[in-house]
There are 2 protein chains.
Amino acid sequence: MGVTLKQLAASLGLSPTTVSRALNGFPEVSKATRARVQEAAQRANYSPNTRAKSLATGRAQAIGHVIPVSTSHEMVNPIFADFIAGAGEIYAQSGYEMILRVVPDADEQHAYGDLVGRGAVDGIIVHGPRVRDPRVDMLTELGIPFLVHGRTSQVNTPYSWLDINNQRSFRRAAQFLIDFGHRRVALINGLEEMDFARRRRSGYLDALGAAGLASDPLLMRQGEMTEPYGYRAAQEMMQLPDPPTGFLASSMIVAYGLRRGLSDMGLKLGRDVSIVTHDDELSYLPNDGDVPMFTATRSSVREAGRRAARMLLRLVNEPDCGPLSELMETSLVLGASTGPARA
Amino acid sequence: MGVTLKQLAASLGLSPTTVSRALNGFPEVSKATRARVQEAAQRANYSPNTRAKSLATGRAQAIGHVIPVSTSHEMVNPIFADFIAGAGEIYAQSGYEMILRVVPDADEQHAYGDLVGRGAVDGIIVHGPRVRDPRVDMLTELGIPFLVHGRTSQVNTPYSWLDINNQRSFRRAAQFLIDFGHRRVALINGLEEMDFARRRRSGYLDALGAAGLASDPLLMRQGEMTEPYGYRAAQEMMQLPDPPTGFLASSMIVAYGLRRGLSDMGLKLGRDVSIVTHDDELSYLPNDGDVPMFTATRSSVREAGRRAARMLLRLVNEPDCGPLSELMETSLVLGASTGPARA
DNA sequence: CTCAAGCTTCAAACCGCTTTGGATGACTGT
DNA sequence: ACAGTCATCCAAAGCGGTTTGAAGCTTGAG
C-alpha cells in the first residue's frame with residue numbers, strides 16, 4: 001500500500017533527497033519546491049514507511065507496554081484499559097506507536113530483553129510493579145528509558161516512576177473512619193506482593209497507630225481484587241466475635257463485593273457499616289453523581305496514563321533529564337457509604 | 001543495544017548471508033556451521049532488528065488493534081483487556097507484535113489509512129462494530145487483511161469476523177425465564193448503535209414472540225453498560241404499574257447494578273425477581289463457584305481473543321483463504337439469580 | 001569579466017537484514 | 001585426468017527512507 005518516496009520524487013522530477021527534505025521541513029529547499037512537493041504528497045496520499053524511516057533514523061518511534069499475566073492467577077488488571085487509553089492519547093499526538101506485550105511472568109526476563117534487543121521500542125512502561133521488582137535492575141542494565149507505573153520498594157537503583165500517594169490516601173481514609181468513631185476498621189487489600197498494597201497497608205497502620213488503635217490481623221486481608229473476594233471478606237469478617245464497623249477497600253470492584261456481602265446480612269452502608277474505597281475513576285465503573293455511592297480516595301488512572309506517557313517521551317527525547325518521578329495525590333470524596341460508627 | 005548480523009558474521013569469519021541462513025533454518029548450510037552460528041548468536045545475545053528484518057521481507061510482523069473511544073461517551077470497553085490478553089498470547093507464540101491505537105472516533109478514517117499506509121501492520125482487528133459500520137468498507141478498500149470482533153449488520157461487502165451468537169443467547173435466556181413462568185421480562189441492553197445490542201434485542205423479541213407475549217417499550221432500555229445504569233433501570237422499572245419479574249442484563253457490570261437496585265428495594269434475586277446476564281468471563285469479574293451468583297449466557301472473551309488472533313494470522317499468511325468467520329455459541333449456566341415467577 | 005558566496009538540488013552511502021545468482025572446492029563416475 | 005554434481009559459502013543488490021558531501025546555477029562585489 002502506498003507510494004514510496006522514490007516514486008513520488010520521480011513523478012515530480014526531483015531527487016528523493018529533496019523530497020525528503022521538503023517534507024521534513026529542512027531549510028535548504030526553495031519555498032516553491034516545498035509547496036509543490038507537499039501538494040503532491042497530499043494528493044498521492046503518501047506516508048513514509050515507518051520501518052524504513054526508523055531504520056534510517058535509528059529511532060523506533062514506539063513505546064512498549066508489557067503487561068504481566070501471572071500464570072497462577074490469570075487476572076488481567078482491570079485498570080489496564082483506562083491507563084492505556086490515556087497513554088494512547090499522548091502517543092497519538094506525538095507520533096508514537098504503542099506496542100503491547102502480554103507476557104506470562106515466567107517469560108518476563110526474556111520479553112524485555114527481546115523487545116529492546118530487536119530495537120522495537122524507544123522506551124518501556126512497566127506495569128504492576130511488585131515489591132523488590134527485578135525489572136528495574138533488568139531495564140537499567142538494558143540501558144533503555146523506562147517508567148514504572150507505581151513504585152517498587154527495596155530497590156536501590158534510581159528509576160523513573162509515576163505513582164499515586166497510596167500511603168497517604170489510605171492513611172487519610174482510615175483516619176476519616178476513625179474520626180467518625182470507628183474503632184474496628186478492616187483493610188481489604190490487593191495481593192501482598194504488589195507494591196501498592198504494601199503502601200496502602202502502611203498508611204492504614206499509620207492511622208491506626210496515630211489513633212492508639214491496635215492492628216488486628218483478623219481485619220487485614222490480601223488477595224486478588226475481585227467482587228467475590230470482597231463478598232467473602234465482608235461475610236467472614238462480620239461473623240467475627242468483634243466485627244469491624246468500617247472497611248477500606250482497594251478497588252471499586254472489591255467495594256461492590258463488600259457491599260453485597262454486607263447487604264446480604266441486612267446491613268446498610270453508611271448507617272450500619274462504612275466503606276471507603278479507592279476509586280481509579282474507571283470509565284465503566286463510575287462513582288459520581290450528586291452523592292457518589294462510595295466515599296472514596298479518588299484518582300484518575302486515565303490521567304495517570306497521560307502523564308506517564310508524557311514523562312516517558314521526555315525521557316526518550318532528552319536522555320539526560322535524569323530519573324523523573326511524580327507522585328499524584330488523591331482526593332477524598334464523600335459518598336453515601338460512610339457514617340458515624342454505631343454506638 | 002545489540003549486535004548486528006554483520007558483526008556476528010565478522011566475529012565468526014563468515015558472511016552475513018551464511019549467518020542469516022544458518023539462523024533462519026535454510027538448508028544450504030552445513031550442520032557444523034549452523035551449530036557454530038547458533039551457539040555464537042546465543043552467546044552474543046543476538047536478536048535480529050525487527051525494523052530491518054521487516055523492511056527486507058516486506059512483512060511488518062505486527063497486528064494492529066484499533067480501539068475507538070467515543071468523544072461523547074468516553075467509555076473504554078471493559079472487555080477489552082481480556083480480549084487483548086487472549087490475542088496477545090497467540091501473537092507471542094507466532095512472533096507477531098501487537099500494536100495498539102486508541103482513537104477518538106472522529107479520527108478513525110485517518111487512523112486506519114495511516115496505519116496501513118505506513119506499512120506498520122500486516123493485519124487489523126476491528127473492535128466494537130456498530131450497525132452499518134463504515135470501517136468494513138474502508139478496510140476492504142485499503143486491501144489489508146482484517147477481522148471484526150463482532151459483526152455489523154447492513155453491510156454487503158463480505159468480511160471476516162468472529163462473534164458470539166448474541167441472538168441465540170438472548171433468545172435462550174428470555175425463553176428460559178418465560179419457561180419459568182415470567183411474563184414481564186425486561187431487557188437492559190447496550191448502546192443501540194452497537195451491533196451486538198441489536199442482535200440481542202432481536203433474540204429477546206423472538207422469544208417473546210414465540211411465547212405469544214407482546215413486547216413493551218417500557219421494558220427495553222439501551223445505554224452504556226455501567227453499574228449505575230443497571231441500578232437505575234432496576235429502580236425505575238420496578239416502579240412501573242406492571243413491573244417486570246425477570247431481567248436480561250447485557251453484562252456482568254449491568255447485572256451488578258440491577259442486583260443492587262433490586263436489593264435496595266428489598267427484593268431477593270431468584271425468589272422475588274430473576275436476572276439472566278451475559279457473562280464474558282472477565283478475569284476480574286468471576287461468576288463461578290459451586291453455584292454462580294448469576295444465571296448467565298457465558299462465553300470467554302479471552303478465548304475469543306485467542307481465536308480471533310489465530311484467524312487473522314491465517315488471513316495474513318494465506319491471502320486467498322477467503323473471508324473467514326466463526327460463530328461461538330454461549331453456554332447457559334444456571335446460577336442463583338433465577339427462579340420461577342412468583343404467583 | 002572574474003571569482004567567491006549563497007541557494008538549490010542531487011548522487012551516493014548507510015541503517016540491518018534478506019535473497020538472488022554465482023563462485024569455490026570436494027567428490028563422483030568414466 | 002576431466003567434466004559434472006553436490007554441498008557450502010559469499011558478493012551484491014535490494015527494502016524505503018535519511019543524511020553527508022558536493023555539484024550546478026545565480027548573484028553581487030571587486
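These numbers come from the heavy atoms of this one structure, side chains and all, not from hydrogens, waters or symmetry mates. We name chains A, B, ... by the order of the sequence lines, and we start the count at 1 in each one.
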>> If you compare all heavy atoms of A:V301 against all heavy atoms of A:D82, which two are closest, and at what distance to 0.1 Å?
In response: CG1-CB, 3.6 Å

Please state how far atom [atom1] in [X] lies from atom [atom2] in [N], giving the value in whole angstrom units.
X	N	atom1	atom2	result
A:R51	D:dG14	CZ	P	19 Å
B:Q7	C:dC15	CD	P	10 Å
B:R59	D:dG16	CZ	C1'	18 Å
A:L55	C:dC17	CG	P	9 Å
B:L12	D:dC10	CG	P	10 Å
A:N49	C:dC15	CG	P	18 Å
A:L8	D:dG16	CG	P	14 Å
A:R118	C:dG16	CZ	C1'	13 Å

> Given A:L324 and A:L147, is the side-chain contact (heavy atoms from CB on, under 4.5 Å) satisfied, shown in steps?
Replying inline: CA-CA 8 Å; A:L324 258 37; A:L147 183 133; 5.5 Å; no

> Applying the side chain to side chain contact (heavy atoms under 4.5 Å, CB included) test to B:F146, which of B:V136, B:I125, B:L315 qualifies?
Replying inline: B:V136

> Any side-chain N or O of B:T33 under 4.0 Å from OP1/OP2 of D:dT8?
Replying inline: no

> Quick one: does B:N24's side chain have a donor or acceptor within less than 3.5 Å of a partner on B:F26's backbone?
Replying inline: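 No.
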
>> Is it the case that the side chain of A:R34 and the backbone of A:A22 share a donor-acceptor pair, with hydrogens and angles ignored and the cut-off at 3.5 Å?
In response: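 The answer is yes, because a donor-acceptor pair under 3.5 Å joins these two groups.
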
> Once each nucleotide of nucleotides 18-25 of chain D is scored for protein heavy atoms under 4.0 Å, what B/S/- sequence comes out, 5' to 3'?
Replying inline: BBBB----

> side-chain contact (heavy atoms from CB on, under 4.5 Å) between A:Q61 and A:E97: does it pass, once the steps are laid out?
Replying inline: CA-CA 6 Å; A:Q61 293 288 99; A:E97 218 68 80; over 6 Å; no

>> My understanding is that only residues two or more places apart in sequence, or in another chain, count here; which of them pass salt bridge (charged side-chain N to carboxylate O under 4.0 Å, His left out) with B:R310?
In response: none

>> For B:F80, give me all partners under ring-ring contact (aromatic ring centres under 6.0 Å, His included), at least two apart in sequence or on another chain.
In response: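 Scan of B:F80 (ring-ring contact (aromatic ring centres under 6.0 Å, His included), adjacent residues dropped) gives B:H127.
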
> Who passes side-chain contact (heavy atoms from CB on, under 4.5 Å) against A:R132, sequence neighbours left out?
Replying inline: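 So A:R132 forms a side-chain contact (heavy atoms from CB on, under 4.5 Å) with A:Q154.
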
> When all nucleic acid strands are considered with a 4.0 Å heavy-atom cut-off, which category describes A:S54: base, sugar-phosphate, or nothing?
Replying inline: nothing

> Got a sec? Which of residues 91-98 of chain A come in under 4.0 Å of DNA chain D, heavy atoms?
Replying inline: none

> Bend angle of the helix from C:dC1-D:dG30 to C:dT30-D:dA1 from five-pair axes at both ends, rounded to 10°?
Replying inline: 70°

>> Using the side-chain heavy atoms of A:T4, tell me which of these nucleotides is nearest: C:dG16, D:dG17, C:dC10.
In response: D:dG17

>> Closest approach to the side chain of A:S30, judged atom by atom: which nucleotide of C:dC15, D:dC15, C:dT9 is it?
In response: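 The listed nucleotide nearest to A:S30's side chain is C:dT9.
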
> Taking the six-membered ring where the residue is Trp, are the ring centres of A:F196 and A:H149 under 6.0 Å apart?
Replying inline: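 No - the distance between ring centres of A:F196 and A:H149 does not fall below the 6.0 Å cut-off.
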
> Which of these passes salt bridge (charged side-chain N to carboxylate O under 4.0 Å, His left out) with B:R151: B:D133, B:D195, B:D163?
Replying inline: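 Result for salt bridge (charged side-chain N to carboxylate O under 4.0 Å, His left out) with B:R151: B:D163.
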
>> Strictly below 4.0 Å, N to O, side chains only: are B:R101 and B:D114 in salt-bridge contact?
In response: yes

